[in-house]
Amino acid sequence: MIDVHKWYGEFHVLRDINLNVRRRERIVICGPSGSGKSTMIRCINRLEEHQKGRIIVDGTELTNDLKRIDEVRRDVGMVFQHFNLFPHLTILENCTLAPVWVKKMPKKEAEEIAMHYLKRVKIPEQANKYPGQLSGGQQQRVAIARSLCMSPKIMLFDEPTSALDPEMVKEVLDTMVGLADEGMTMLCVTHEMGFARQVADRVIFMDYGQIVEMNTPDEFFRNPQHERTKLFLSQILH
Ligand SMILES: Nc1ncnc2c1ncn2[C@@H]1O[C@H](COP(=O)(O)OP(=O)(O)OP(=O)(O)O)[C@@H](O)[C@H]1O
């Protein structure tokens with residue numbers, strides 16, 4: 001449950017966001033640049049503080065208390081546009097770091113789990129390489145596997161394919177479609193409308209820090225209601 005307001009100084013960047021995400025639901029968020037999509041995602045992952053309202057994940061309220069940040073990171077997985085892998089750690093070490101240090105998981109168990117997810121994103125053979133030795137698409141799939149290693153209750157994606165070449169976009173989208181098929185709860189900011197049509201239960205359109213439209217993909221694309229949504233779709237779909 002996300003019910004927040006946020007300001008940057010005088011600027012009211014998130015206005016009365018009110019969103020309930022059901023378990024196993026896949027939500028795609030779109031909207032023009034600067035509409036607040038990333039800020040909302042960053043508030044859920046506690047990379048930003050909200051000033052008013054509440055965010056509750058599976059019954060636990062996410063507070064602005066940084067001392068409790070590890071609790072949040074355990075439950076909320078996040079994949080960004082730019083891969084933030086540690087360059088001097090191997091792929092396997094990148095994936096085991098948080099389970100070992102945050103969850104206090106024995107190293108061997110963390111490695112087994114990491115290999116399971118590296119297989120799931122179809123790059124187990126890269127486990128002992130370094131991020132710089134992988135393609136952009138492969139690095140992004142590592143970032144997804146690394147988040148999955150923490151068994152998150154919800155996965156947040158913030159334009160995970162925007163920095164990729166077209167064929168790598170397909171690799172990453174295929175991985176995400178696989179996760180969606182397996183029932184992962186997902187909140188995904190993306191301009192990949194094909195992905196939205198294929199997997200989303202709901203598509204949300206944000207503008208000026210507000211959710212101005214929310215519908216099933218069928219209705220959203222076939223019959224947009226809001227003038228700003230119509231304009232956005234006419235620009236993005238051509
Ligand atoms: N740290 C910050 N301080 C002040 N203003 C900020 C900060 N971060 C973002 N903003 C502003 O907040 C607004 C929303 O930004 P945000 O990145 O959430 O938009 P977005 O919808 O994700 O855009 P894009 O599609 O371009 O990534 C923008 O006007 C941006 O300039």
Side-chain angles (χ1 to χ4, degrees), residues 1-19 21 26-55 57 62-66 69 72-73 76-84 136-137 139-140 143-144 147 154-166 168-169 172-173 176 185-197 199-200 202-215 217 220-221 224-238:
M1 193 272 284
I2 304 143
D3 177 9
V4 286
H5 285 260
K6 178 172 176 62
W7 287 261
Y8 286 123
E10 298 284 296
F11 177 45
H12 199 169
V13 58
L14 295 179
R15 304 154 176 260
D16 203 14
I17 295 286
N18 196 323
L19 175 65
V21 185
R26 287 76 53 98
I27 294 184
V28 165
I29 303 165
C30 59
S33 183
S35 56
K37 306 178 298 292
S38 296
T39 305
M40 181 168 89
I41 292 286
R42 289 165 62 83
C43 280
I44 302 170
N45 199 33
R46 305 288 72 195
L47 293 170
E48 298 275 357
E49 294 184 352
H50 61 275
Q51 283 93 23
K52 195 173 144 201
R54 304 198 306 161
I55 301 174
V57 175
L62 308 187
T63 68
N64 285 330
D65 179 0
L66 288 182
I69 199 80
V72 177
R73 294 281 156 73
V76 181
M78 180 151 174
V79 176
F80 301 87
Q81 177 177 353
H82 299 289
F83 338 109
N84 53 346
Q139 289 186 45
Q140 193 59 298
I144 294 172
S147 284
I154 181 168
M155 282 286 283
L156 309 176
F157 293 92
D158 192 0
E159 300 198 34
T161 57
S162 301
L164 299 176
D165 293 340
M168 295 180 190
V169 169
V172 173
L173 288 179
M176 291 169 63
T185 310
M186 292 165 71
L187 205 52
C188 182
V189 175
T190 182
H191 295 303
E192 298 288 344
M193 293 297 114
F195 175 77
R197 285 181 201 273
V199 309
R202 281 189 286 170
V203 183
I204 285 175
F205 181 76
M206 280 184 72
D207 200 22
Y208 293 109
Q210 285 180 304
I211 294 176
V212 296
E213 190 153 350
M214 175 156 57
N215 220 328
F220 183 82
F221 291 110
Q225 298 295 309
H226 200 280
E227 287 310 313
R228 296 284 295 178
T229 319
K230 290 179 194 169
L231 178 65
F232 176 81
L233 288 178
S234 72
Q235 288 165 343
I236 202 170
L237 296 177
H238 291 104

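Here the structure is a predicted model, which means the values were calculated and not measured. Positions are given from 1 along the sequence. Each ligand, and each atom within it, is numbered from 1 in the order the structure gives.
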- List for me each residue that meets ring-ring contact (aromatic ring centres under 6.0 Å, His included) alongside Phe232, sequence neighbours excluded, and say none if there are none. Phe205

- Message: Distance under 4.0 Å, heavy atoms only, partner ligand 1: which residues pass?
- Response: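 Contacts of ligand 1 under 4.0 Å: Tyr8, Phe11, Val13, Pro32, Ser33, Gly34, Ser35, Gly36, Lys37, Ser38, Thr39, Glu159.
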
- Would you call Met40 and Ile29 a side-chain contact if the rule is heavy atoms closer than 4.5 Å? yes

- Query: Are any non-hydrogen side-chain atoms of Phe195 and Pro160 less than 4.5 angstrom apart?
  - Reply: no

- Listed partners of Asp207 passing salt bridge (charged side-chain N to carboxylate O under 4.0 Å, His left out), at least two apart: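 So Asp207 forms a salt bridge (charged side-chain N to carboxylate O under 4.0 Å, His left out) with Arg228.
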
- Contacts of Glu10 that satisfy salt bridge (charged side-chain N to carboxylate O under 4.0 Å, His left out) - sequence neighbours left out: none

- Task: Decide side-chain contact (heavy atoms from CB on, under 4.5 Å) for Val172 and Ile144; before the verdict, give the C-alpha distance in whole Å, the side-chain angles of both, and the deciding distance to 0.1 Å.
- Result: CA-CA 9 Å; Val172 173; Ile144 294 172; 4.1 Å; yes

